[in-house]
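Just the heavy atoms: all of them, side chains too, but no hydrogens, waters or symmetry mates, feed the values below.
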Amino acid sequence: MSVAPIQRVMVARPITLTPRHSAMTASRAALRALILRDITVLRKHIGEFVARTLIQPFLLVFVFLYVFPMIGQRIGGSVGHGAQSNFAAVLVPGVVAVSIMFQGIQAVAMPMSIEFGATREIEDRVQAPCPIWLVALAKVLSGAIQGILAAVIVFPIAAVVHAPGVHAHLSVTWWIVATLIPLASVAMSSLGLLLGTTFETRNISLMFGFVVLPLTFLGCAYYQWTELAPVEVGGYPWLQTLVLLNPLTYVAEGMRAGLTQLSHMPLYVIYPVLTGFCVVFLSSGLRTFRRRVLT
């Protein structure tokens, strides 16, 4: 009697691959790497960053708070060191606010415009293992970090450069400063993202001429918002109303509230409106960034 051989039947099992990390973990790691890359570049060019940050605020403070008092040049309708000291208290918070705005635009808009234009470096960034919008968010956060550093660097310079007898009477409210500077930095970096993805490289001069300069001079950096009421037409304070459309107005008034005892816009207006500007700039910038990348 012969016994038939036993045949083994091989059953194919499906091969399943389980990722070692979740999508959230991978995105977080990519975001951290992108920010660290920008910080590393900043460290290598720290001298250029400090010079770029200091030159305009230093010149403003030097001319208005040192040269003018030394030559007897008046600011406004008052005379004497008391008037100059009052203007110093108005100017210092405004200079910090302008520095945050300029740094946010220069750190995000200028590189973004170049990366989308001549270098096409943005193509390498968007190949990171994360959503496209996260690449833009990393740029905003790194720009916000530079904005915070700019405020920290500029404030001591703006506070101490003045002529003898002229004093910026500052009274720091730390909780306002500690909350407003990061919020303002994110808002201005988000504005930089929107501008950098809207303007072509060849149109950068238009961006500074038609956007940055009006924001600077109509942003209550060199005067108080509460003092604009006399500028009126037919009894209506048109300029005091117009500057409410400018995000720099809320940054400058918030810094004035955090650094001085001068009259300023209410904080319950500053924080919600500045947060609203931040949301609008960031959401619009992310949309234009995605559209530029995909096209």
Side-chain angles (χ1 to χ4, degrees), residues 49 51-65 67-68 75-76 87-110 112-113 143-144 146-151 153-155 157-158 161 168 180-181 183-196 198-199 203-228 231 238-260 262 264-265 270 273-274 277-278 280-281 285:
F49 169 77
R52 183 179 72 221
T53 301
L54 285 181
I55 185 65
Q56 186 198 37
F58 174 78
L59 289 177
L60 281 172
V61 176
F62 176 73
V63 170
F64 284 108
L65 302 185
V67 176
F68 275 24
I75 299 177
F87 180 71
V90 172
L91 184 64
V92 170
V95 167
V96 176
V98 170
S99 300
I100 294 174
M101 185 194 72
F102 265 90
Q103 196 57 52
I105 293 176
Q106 289 181 341
V108 181
M110 299 291 289
M112 190 70 66
S113 178
Q146 295 182 47
I148 295 172
L149 292 176
I153 293 173
V154 167
F155 174 66
I157 300 298
V161 177
L180 188 75
I181 288 180
L183 176 60
S185 299
V186 174
M188 292 306 170
S189 296
S190 301
L191 175 61
L193 175 66
L194 178 59
L195 295 176
T198 301
F199 286 87
N203 295 328
I204 287 296
S205 59
L206 295 178
M207 180 187 75
F208 277 94
F210 289 95
V211 178
V212 178
L213 284 180
L215 288 178
T216 302
F217 287 101
L218 297 177
C220 295
Y222 312 125
Y223 45 83
Q224 297 165 258
W225 178 79
T226 54
E227 301 297 325
L228 291 179
V231 184
W238 64 272
L239 185 58
Q240 194 176 46
T241 304
L242 178 64
V243 298
L244 294 177
L245 300 176
N246 189 342
L248 183 61
T249 297
Y250 302 91
V251 180
E253 286 294 297
M255 294 307 303
R256 209 157 277 132
L259 296 178
T260 70
L262 299 174
H264 54 79
M265 187 182 295
I270 293 174
V273 176
L274 190 56
F277 272 117
C278 182
V280 171
F281 291 153

With sequence neighbours left out, which residue pairs that include part of residues 209-225 fulfil the side chain to side chain donor-acceptor pair (under 3.5 Å) condition?
-> Q224-S263

Decide yes or no for L191 and V211: does some side-chain heavy atom of the first lie under 4.5 Å from some side-chain heavy atom of the second?
-> no

Smallest separation among heavy atoms of V98 and A221, with atom names = CG2-CB, 3.5 Å

Test log, rule side chain to side chain contact (heavy atoms under 4.5 Å, CB included), inputs F62 and V67 | CA-CA 6 Å; F62 176 73; V67 176; 3.5 Å; yes

Provide the closest heavy-atom pair for P247 versus L274 in the form atom of the first, atom of the second, distance.
-> O-CD1, 4.1 Å

Go through the steps for V92 and F155 under the test side chain to side chain contact (heavy atoms under 4.5 Å, CB included), then give the verdict.
-> CA-CA 7 Å; V92 170; F155 174 66; 4.2 Å; yes

Nearest non-hydrogen partners of P214 and G209, listed with the distance = CD-O, 3.6 Å

E227 vs V90 side-chain heavy atoms within contact, under 4.5 Å = no

Donor-acceptor under 3.5 Å (S189 side chain, A144 main chain) | yes

Specify the closest pair of heavy atoms between L195 and A109, including all atoms of both residues, with the distance to one decimal.
-> CB-CB, 4.3 Å

Less than 4.5 Å apart, any side-chain heavy atom of M101 and any of V251?
-> no

Going by heavy atoms in the side chains, are N203 and M207 under 4.5 Å from each other?
-> no

Which value, rounded to the nearest 0.5 Å, describes the distance between L218 atom CG and L244 atom CG?
-> 12.0 Å

Any chance you could lay out the side chain to side chain contact (heavy atoms under 4.5 Å, CB included) test for V231 and Q240, step after step, and finish with the verdict?
-> CA-CA 8 Å; V231 184; Q240 194 176 46; over 6 Å; no

On a heavy-atom basis, the closest approach of G285 and L193 is C-CD2, 3.7 Å

Would you give the length of the straight line joining atom CZ of F199 to atom CE of M110, rounded to the nearest 0.5 angstrom?
-> 12.5 Å

Reported CG-to-SG distance for the pair L239 and C220, which is rounded to 0.5 angstrom = 7.5 Å

Approximate separation, where rounding is to 0.5 Å, of F49 CZ and L149 CG | 5.0 Å

How close do T260 and A89 get, heavy atom to heavy atom, and via which atoms?
-> CG2-O, 3.4 Å

Full working for side chain to side chain contact (heavy atoms under 4.5 Å, CB included) between M188 and V108 = CA-CA 9 Å; M188 292 306 170; V108 181; over 6 Å; no

So how far is it from I148 CD1 to Q103 CD, rounded to the nearest 0.5 Å?
-> 11.5 Å

Can you tell me how far CD1 of I181 sits from CG of L183, rounded to the nearest 0.5 angstrom?
-> 11.0 Å

Any side-chain heavy-atom pair of I153 and L54 under 4.5 Å | yes

What residue pairs, at least two apart or across chains, pass side chain to side chain donor-acceptor pair (under 3.5 Å) with a residue in residues 246-259?
-> E253-R256

